[in-house]
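This report refers to the structure that appears directly beneath it.
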Amino acid sequence: MTRVVVCCGSGGVGKTTTSAALSVALARRGLRVAVLTIDPAKRLADSLGVGPLGNTPQQVPVDAPETGRLDAMMLDMKATWDGVVERFAPSPEEAARILKNRYYRFASTRLAGSHEYMAMERLYELYESGDYDVVLLDTPPSRHAVEFLRAPGRIAGLFDDSVMTWLSMPKNRRGFRALEKGSELIASVLKRLVGRGTIEEIAEFFDAMQGLWDALSERGHKVEELLASDACSFLLVTTPAPAASAEAHDFRVLLADSGMPLKGLLINRVQIRPEDASELDASLFPARPSSVSEDDWSAIVEGVRRARAHQFALAEAERPALDALAKEGVRTWEIPELARDVHDLTALTEVACYLEGLASEL
Ligand SMILES: Nc1ncnc2c1ncn2[C@@H]1O[C@H](COP(=O)(O)OP(=O)(O)OP(=O)(O)O)[C@@H](O)[C@H]1O
Ligand SMILES: [Mg+2]
């Protein structure tokens with residue numbers, strides 16, 4: 001059975017980094033893994049050491065046993081929409097008609113929620129392909145983690161009768177023709193603003209989408225079923241920031257309400273805590289190399305001592321936030337703050353080491 005892992009979290013917490021690192025950890029365990037990333041900054045392609053990623057899986061050179069492999073891809077929203085139209089339009093002629101419609105071309109890349117909806121669609125395609133043991137989904141930047149889960153519902157709503165009614169828009173082509181001919185205020189204003197041909201094209205778009213909509217909503221239900229099934233695990237990526245536990249709480253409640261399984265929290269960028277607060281013993285330092293003067297050597301020793309005390313204070317300062325997260329009663333995995341950005345496969349593999357325990361459970 002293919003397993004699905006969805007990494008959610010608010011903007012900038014490390015969703016792309018941790019989903020990539022977890023996919024490395026899984027491939028190193030000998031699994032066939034696909035990671036679908038949504039990274040407008042294209043940082044993932046850099047960190048995976050591969051060229052620009054597209055909708056087609058690209059193999060990442062991880063050091064994995066023979067059975068393991070890692071394929072990465074970046075969501076190409078337009079290509080995914082086009083694929084959906086080609087697969088689900090009632091006929092190839094109908095598909096061609098939608099694809100060349102200007103409003104389709106606009107709507108497919110700019111509608112609110114379209115990104116998230118297409119991510120779900122692509123996730124489902126990878127899941128259905130049977131080519132992978134695990135499919136991981138990185139999620140787009142959003143201010144709050146829960147926004148991602150609400151998005152598919154939002155896009156469904158866009159084509160809803162109620163919205164069309166609210167816009168006073170007819171729901172099919174005949175209606176639009178009537179609108180075109182009619183003398184209602186809205187029709188004459190529209191015609192004056194955008195021209196007769198444009199109205200016809202909008203009409204065609206909604207008309208064509210009607211034919212697709214049944215297929216899309218059935219697909220939406222399948223995705224919802226998958227997300228709520230045992231095959232799927234949600235991970236909330238967060239940091240020890242004070243606001244994180246409130247978000248973790250909201251996310252947990254929303255998932256529970258939707259019947260979706262939260263595997264746990266990935267707490268990223270945790271400060272490493274020195275074992276104890278005591279001053280470093282002089283005996284722990286190596287002997288002064290003869291090339292370093294006594295003054296320089298004492299400055300180095302003092303610097304190391306201070307850095308350690310500083311690190312201890314940083315780690316202590318985050319304790320209350322970590323304790324608050326622990327009170328949520330869900331499993332947690334901590335990833336330390338690395339000394340540098342995670343922008344190459346070596347650094348990702350370092351992060352992956354902290355996720356081996358989690359990987360063994362997926
Ligand atoms: N544990 C870590 N140690 C050091 N740097 C980290 C760590 N985790 C992430 N980073 C760095 O933080 C930055 C943001 O990480 P990332 O892009 O994964 O976040 P994101 O949640 O996907 O962001 P967005 O919401 O914009 O998609 C990157 O530059 C990454 O290298
Ligand atoms: Mg990201």
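For ligands, and for the atoms within them, numbers begin at 1 and follow the listed sequence. Every value quoted in this text rests on a predicted model; they were computed, and no experiment measured them.
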Pairs of nitrogen or oxygen atoms closer than 3.5 Å, one from [X] and one from ligand 1: do any exist?
X      : value
Val351 : no
Asp138 : no
Ile335 : no
Arg269 : yes
Thr18  : no

For this session: Check ligand 1 against Gly11 and write out every atom of the ligand that is under 4.0 Å from a heavy-atom position of the residue.
Result: 25 (O)
Seminar exercise, completed: Numbered in order shown, the ligand 1 atoms found under 4.0 Å of a heavy atom of His343 are 29 (O), 31 (O)
For this session: Check the pair Arg273 / Glu334 against salt bridge (Lys or Arg N to Asp or Glu O under 4.0 Å), numbers first and verdict last.
Result: CA-CA 12 Å; Arg273 190 175 191 269; Glu334 292 186 8; over 6 Å; no
Problem set entry | Side chain, backbone, both or neither: Arg340 near ligand 1, heavy atoms under 4.0 Å |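 Arg340 to ligand 1: backbone contact only, side chain stays beyond 4.0 Å.
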Exercise. Between Asn268 and ligand 1, which part of the residue brings a heavy atom under 4.0 Å of the ligand: side chain, backbone, both or neither?
Worked result: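 For Asn268, only side-chain atoms sit under 4.0 Å from ligand 1.
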For this session: Apply salt bridge (Lys or Arg N to Asp or Glu O under 4.0 Å) to the pair Lys222 and Glu225, showing each step before the final yes or no.
Result: CA-CA 5 Å; Lys222 280 194 187 158; Glu225 262 171 42; over 6 Å; no
Exercise. Do Val5 and Lys263 come close enough that some side-chain heavy atom pair is under 4.5 Å?
Worked result: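 No, their side chains stay 4.5 Å or more apart.
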Problem set entry | Minimum non-hydrogen distance to atom 24 (P) of ligand 1, winning option of Gly12, Ser19, Ala21 | Gly12
Problem set entry | Proximity flag Ala347 to ligand 1, non-hydrogen atoms under 4.0 Å | no
Problem set entry | Co-membership, hydrophobic cluster, residues Leu314 and Leu338, 4.5 Å side-chain |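 No, Leu314 does not connect to Leu338 through the hydrophobic network.
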For this session: Answer yes or no: is there an ion pair linking Glu93 with Arg97, defined by an N-O contact shorter than 4.0 Å?
Result: no
Problem set entry | Salt-bridge contact Lys327-Asp323 (side-chain N to carboxylate O under 4.0 Å) |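 Looking at Asp323 together with Lys327, the answer is no, because their closest N to O distance does not fall below 4.0 Å.
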For this session: Check side-chain hydrogen bond (donor to acceptor under 3.5 Å, both in side chains) between Glu350 and all other residues, then give those that pass, not counting sequence neighbours.
Result: none
Exercise. So, Thr16 and the Mg ion (ligand 2): N/O/S under 2.8 Å, yes or no?
Worked result: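 It does: Thr16 brings an N, O or S atom closer than 2.8 Å to the Mg ion (ligand 2).
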For this session: Could you name each residue pair satisfying side chain to side chain donor-acceptor pair (under 3.5 Å) that touches residues 23-36, not counting sequence neighbours?
Result: Arg32-Asp133
